[in-house]
Amino acid sequence: MKQKIKNLIFHAAHKAYEHGDLTSPELPEIIVEEPKISSHGDFSTNIAMVAAAVQKMSPANIASAIIKHLIDDEKILEKTEVAGPGFINFFIHPLSWHPVLLEIHNQDDRYGAIDIGKGEKIQVEFVSSNPTGPLHVGHGRGAVVGDSVANILKFCGYDVQKEYYINDSGRQIYTLGKSVFIRYKELQGEKIHFPEDCYQGDYIRDYAIEINDSKGKTLLEKDEESAISYCARFAATRIVEQIREDLNSFGVEFDCWYSEQSLFDSGKVDAVIEDFRKKKFIYEKDGALWFKTTNYGDEKDRVVVRNNGQKTYFASDIAYHQDKFDRGFERLIDVWGADHHGYVSRVAGSIEASGRRRDQFHVILVHLVNLLRGGTPIAMSTRAGEFVTLNAVIKEVGRDATRFIFLTRSYESPLDFDLELAKQKTNDNPVFYVQYVHARISSIIRKGKERGIDEIRWKEGAIALLREPEEINLIKTMTRYPEVLKASAEFMEPHRLTFYLMNLASLFHAYYNKHRVLTEEPLLSLGRLYLVLAVQKVIRNGLTLLGVSAPERM
RNA sequence: GCGCCCGUAGCUCAGUGGAUAGAGCGUCAGCCUCCGGAGCUGAAAGCCGCUGGUUCGAACCCAGCCGGGCGUACCA
């Protein structure tokens, strides 16, 4: 509809110039928007004001010239007017909105899927939590954001892969192994002080018990390093399994689990360091190897190989991102915790150094989650083993509510997650509000069947009866759905979709309270059923992209 | 100190150049012989942190300041 208006303006402006009503053929970009206030029409354009300088005419005169030459073949316009400082307002004939209902039914679960991706290969990497302990709520937020962004991009025509990067190398894994090994030694009767820099959680002891059961005291007979290494591998594998299960029960599934260690094993890390050294991006100083990240806006250069010969996390990350491009992805999206924001410029630098464009790499920084219960904060610390796991949260408040709440805010702002609030079935907790629409419509449709309306289909005479303001408003709002998705995809902001769904839900509830769907008139009932079924489809479609279920009953 | 993010109704937050700034909660006043009240209607409530600038037009863009969060390792 918006596009139609744009076309009308475009042609009218050209015609106006040909007839000498405009002084210049030059046109600014035509921007059509939906005014917030209904008395300003369904659509408006500011073109007259923007063009004033070029045309050397007053906005009002430009506006009237354009209106004069509008050719509305389809008769969609009820009225046009010049208003305020020079806006042109368009009022759409209410019945002109109806055809979108047919579109929704025909396209069904593909409604809104405009192909902006054109098959571009894009990778979304998210969660990627260290396999040293269970996921907590903060990871959950990243998981939902990444998952939903990926879903939306996929829906909009991108060829998307979801990836989890397993940091199964480096010091934190060694510490994990050491933690388990010490617990194991305790089980073997040794009295040792458990170091503070080791992982304190109970799960560490559980793994030690398992190892103790299967291996007995044989680990003590090995040298300590290989025993720790055994414990590390054992625990990391278990933890990754656990993470995978937790994510699955949260509705998140990855296409690929990529191991950091494999980058070392395959020599990719050494290869990229060597390559960058030749190209002078990496140099030696004080016995260490440094990457010239200052060339890319970083405040100082960063070490990739320490003077003790060990590679830093940054080294494998350079190789990792090179590898992603080597695997054919044209664009990379990383979802990180906002506390890692200082890391962006150096990874981006490594990507530019390899000849890729800066805009092929995008980092979504998800801000932190403050967990509360009934208004009081819950302390969280992984190292100290004090945290509420994601799994516990899902069990307590449910997957749908958890996911939805994470998406009711822009990820750029910190989020208070109150366990008590999340369980409430009120408007504090909007997931129920939206799901309720879906369930309610299911119920209406069931009732309709009882009354003998088995087939809900487009029937001209029935659709023509949809002319209540609330009905037109619902249809109009559903017309906007594809644009909302497009914006969600382009900005990679799933919360836009969340807010849209809450808005649509609100319009539906209002309509439901004011008008009956199932009336004494069969034709009217059919038309209204056709309408609410469309609403249900859009709601279901949106919820699905957010990974939230659309229940028939609640 | 420097860098990134955030300052919008009592609270939690939407709103990335348009006309009269929105929603939920909370407060107040209403709506159940009727398709699911997990719902609806209405009201009160705002120097959009401050000051300048750009623009026909700024919550939004730019600069500076004031608050708050996070980061600032040869850790990951």
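Each chain gets a letter, A, B and so on, in the order its sequence line appears, and its residues count up from 1.
Residue A:Arg306 has its side chain nearest to B:C74 when only B:C13, B:C74, B:G18 are considered. Checking B:G18, B:G39, B:U16 against the side-chain heavy atoms of A:Arg496 singles out B:U16 as nearest.
A cation-pi contact links A:Arg440 to A:Tyr512, judged by a cut-off of 6.0 Å to the six-membered ring centre and 45° from its axis. A cation-pi arrangement is not found for A:Arg457 relative to A:Tyr530, the charged atom failing to lie both closer than 6.0 Å to the ring centre and inside a 45° cone about the ring normal. Stacking of A:Lys79 on the aromatic ring of A:Phe91 is recorded, both the 6.0 Å distance cut-off and the 45° axial limit being met.
Between A:Phe406 and A:Leu415 there is a side-chain heavy-atom pair separated by less than 4.5 Å.
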Would you tabulate the nitrogen or oxygen pairs shorter than 3.5 Å linking the protein to nucleotides 69-73 of chain B?
unit_1	atom_1	unit_2	atom_2	d
B:U72	O2'	A:Glu299	OE2	3.0

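A:Lys2 has a carboxylate O that lies under 4.0 Å from a charged side-chain N of A:Glu34, or vice versa, which qualifies the two as a salt bridge.
Note on A:Lys425: a base of the nucleic acid sits closer than 4.0 angstrom, heavy atoms only. At a threshold of 4.0 angstrom between heavy atoms, the contacts of A:His40 include nucleobase atoms, whether or not backbone atoms are also involved.
Shortest non-hydrogen contact noted between A:Pro414 and A:Arg409 is O-CD, 4.2 Å.
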Carefully, step by step, assess A:Glu260 and A:Ser316 under the rule side-chain hydrogen bond (donor to acceptor under 3.5 Å, both in side chains).
-> CA-CA 7 Å; A:Glu260 179 187 9; A:Ser316 49; 2.7 Å; yes
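With the 3.5 Å cutoff on both pairing distances, Watson-Crick and G-U pairs in RNA chain B assemble into runs of at least 3 at B:1-7 with B:66-72, B:10-13 with B:22-25, B:27-31 with B:39-43, B:49-53 with B:61-65.
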